[in-house]
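What follows is one structure encoded as structure tokens, with my remarks underneath.
The chain is numbered in sequence order, starting from 1.
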Amino acid sequence: MSTTADPLAALGALPGVAESVESVRKAVDRVYGHRIMRRRSNAVTSEAALRAARGSAALSGADWALEEVRRRTDFGTDDEARVMGGALRLTAEAGQLLSIWRQSPLRVLARLHLVAAASDESRVGRPRQAGEAVDEPLIELPLPDAREVSGRLDGLADLIIAGSSAPALVTAAVVHGELLALRPFTSHNGLVARAAERIVLIGSGLDPKAVCPAEVGHAEQGRAEYLAALEGYVSGTPEGMAAWIAHCGRAVEFGARESTAVCEALQRGAA
């Protein structure tokens with residue numbers, strides 16, 4: 001990233017990023033302008049949360065049909081069920097952490113990991129230490145060592161606390177990409193990264209009612225495209241960074257499209 005006083009704003013000036021930001025804004029505005037949102041926004045938010053959890057879990061290896069997620073009540077029976085349970089808990093928890101995020105993002109990340117792992121093991125809820133392995137088999141990128149993780153997490157926290165003039169999409173994409181690149185915890189990093197992106201998009205005011213779930217769009221674009229875009233972020237090149245931001249933008253647009261379909265279904269049901 002740029003070493004300017006506002007490196008996130010510098011990323012917003014990369015070629016093609018302004019177009020992504022504008023396209024996302026139009027997609028979000030279309031959802032919020034739907035007349036169902038004036039009367040039944042809570043129902044749309046609830047459905048978006050369920051679909052967000054399903055999308056995030058799919059990218060972490062638990063690719064369940066939506067109706068299976070809706071039907072199940074036991075999420076502790078096997079590895080996939082535990083992943084899905086973690087995704088559902090994170091989606092519910094994210095909205096409770098908005099007020100803390102801008103003051104103490106590292107505290108929020110620790111909380112997200114605790115919620116995702118649902119374990120009292122000593123490794124849960126803190127960044128990994130030297131020599132600790134990471135269970136994140138679907139992301140096969142070079143793993144930064146614990147010292148680098150600590151320094152970059154502190155840098156990310158400083159950026160968030162300082163604030164930025166960058167569009168919400170840029171900040172959300174950087175938070176998401178940085179956490180996936182670092183994999184700071186011994187497990188559940190993908191779920192945590194996508195929950196953190198969610199927090200940024202909601203807390204920034206871009207999607208205050210959480211009805212444009214980027215997790216849906218990341219899953220819809222497919223794991224291969226997700227990982228390819230992440231490689232662009234990890235490369236650190238302007239082209240790679242712009243491609244990752246554009247990927248995240250498309251994810252929000254697909255999430256907005258999903259919730260527009262939900263609005264249309266609710267409207268037909270109310271007719």
Side-chain angles (χ1 to χ4, degrees), residues 1 7-8 11 52-53 55-57 59-61 83 86-87 89-91 93-94 97-98 100-102 104-117 123-129 132-161 164 166 168-204 213-215 217-219 223 226-227 229-236 240-241 244-245 247-248 251-252:
M1 286 188 290
L8 295 177
L11 291 178
S56 188
L59 289 167
S60 287
V83 168
R89 291 190 299 271
L90 283 174
T91 303
E93 186 78 7
L97 299 171
L98 297 175
I100 307 171
W101 175 254
R102 284 295 300 273
S104 186
L106 297 184
R107 179 180 163 196
V108 170
L109 293 176
R111 174 62 184 168
L112 292 175
H113 189 235
L114 279 166
V115 169
R123 295 178 297 175
V124 173
R126 62 156 174 80
R128 56 187 168 86
Q129 298 174 358
E132 289 183 332
V134 174
D135 181 14
E136 205 76 39
L138 300 179
I139 300 178
E140 298 177 353
L141 292 171
L143 191 67
D145 63 28
R147 179 177 296 183
E148 181 179 351
V149 167
S150 178
R152 286 173 63 175
L153 278 180
D154 285 345
L156 182 64
D158 289 345
L159 285 176
I160 294 164
I161 293 167
S164 172
L169 171 64
V170 173
T171 303
V174 168
V175 167
H176 185 172
E178 191 71 356
L179 292 174
L180 283 179
L182 294 178
R183 279 145 291 159
F185 302 107
T186 57
S187 64
H188 300 90
N189 291 286
L191 294 180
V192 168
R194 291 183 288 276
E197 178 186 49
R198 180 179 183 83
I199 288 171
V200 175
L201 293 171
I202 298 170
S204 66
E215 301 94 329
H218 289 304
R223 188 181 298 150
Y226 183 66
L227 295 177
L230 176 61
E231 287 182 4
Y233 177 87
V234 172
S235 76
M241 298 292 283
W244 170 250
I245 294 168
H247 173 89
C248 291
V252 177

- Query: Is T91 close to S56 at the side-chain level, that is, under 4.5 Å between some pair of heavy atoms?
  - Reply: no
- Query: Can a donor-acceptor pair be found between the side chains of R194 and S60 at a distance below 3.5 Å?
  - Reply: yes
- Quick one: does V175's side chain get under 4.5 Å of I199's, heavy atoms only? no
- Query: R102 versus I160: any side-chain heavy-atom pair under 4.5 Å?
  - Reply: yes
Show every donor-acceptor pair shorter than 3.5 Å between a side-chain atom in residues 179-186 and any protein atom, with sequence neighbours excluded, or say none if there are none.
from	atom 1	to	atom 2	distance (Å)
R183	NE	L180	O	2.9
R183	NH1	L141	O	3.0
R183	NH2	P142	O	2.9
R183	NH2	A181	O	2.9

- Message: Parallel, tilted or perpendicular, judged at 30° and 60°: which one describes the rings of H176 and W244?
- Response: perpendicular
- Query: Do L138 and L59 touch side chain to side chain, with heavy atoms closer than 4.5 Å?
  - Reply: no
- Task: Would you mind reporting whether R111 and V115 have side-chain heavy atoms less than 4.5 Å apart?
- Result: yes
- Message: Less than 4.5 Å apart, side chain to side chain, heavy atoms only: is that true for Y233 and V174?
- Response: yes
- E132 bridged to R123 by N-O distance under 4.0 Å: no
- Item | Contact summary for P213 and R198, nearest pair of heavy atoms | CB-NH1, 4.2 Å
- Item | Flag side-chain contact, heavy atom, 4.5 Å: L156 against P105 | no
- Between the main-chain N or O of L201 and the side-chain N or O of S204, is there a donor-acceptor pair closer than 3.5 Å? yes
- Quick one: does R128's side chain get under 4.5 Å of L143's, heavy atoms only? yes
- Sidechain-backbone polar pair: H113 side chain, S187 backbone, donor-acceptor under 3.5 Å: yes
- Would you name the heavy atoms of L159 and P7 that are closest together and state the gap between them? CD2-CG, 3.4 Å
- Message: Restricting to non-hydrogen atoms, name the atom on R89 and the atom on A117 that form the minimum distance, rounded to 0.1 Å.
- Response: NH2-C, 4.4 Å
- Residue list, salt bridge (Lys or Arg N to Asp or Glu O under 4.0 Å) with E148, at least two apart or on another chain: R152
- Non-hydrogen atoms of C248 and A173 that approach each other most closely: SG-CB, 3.7 Å
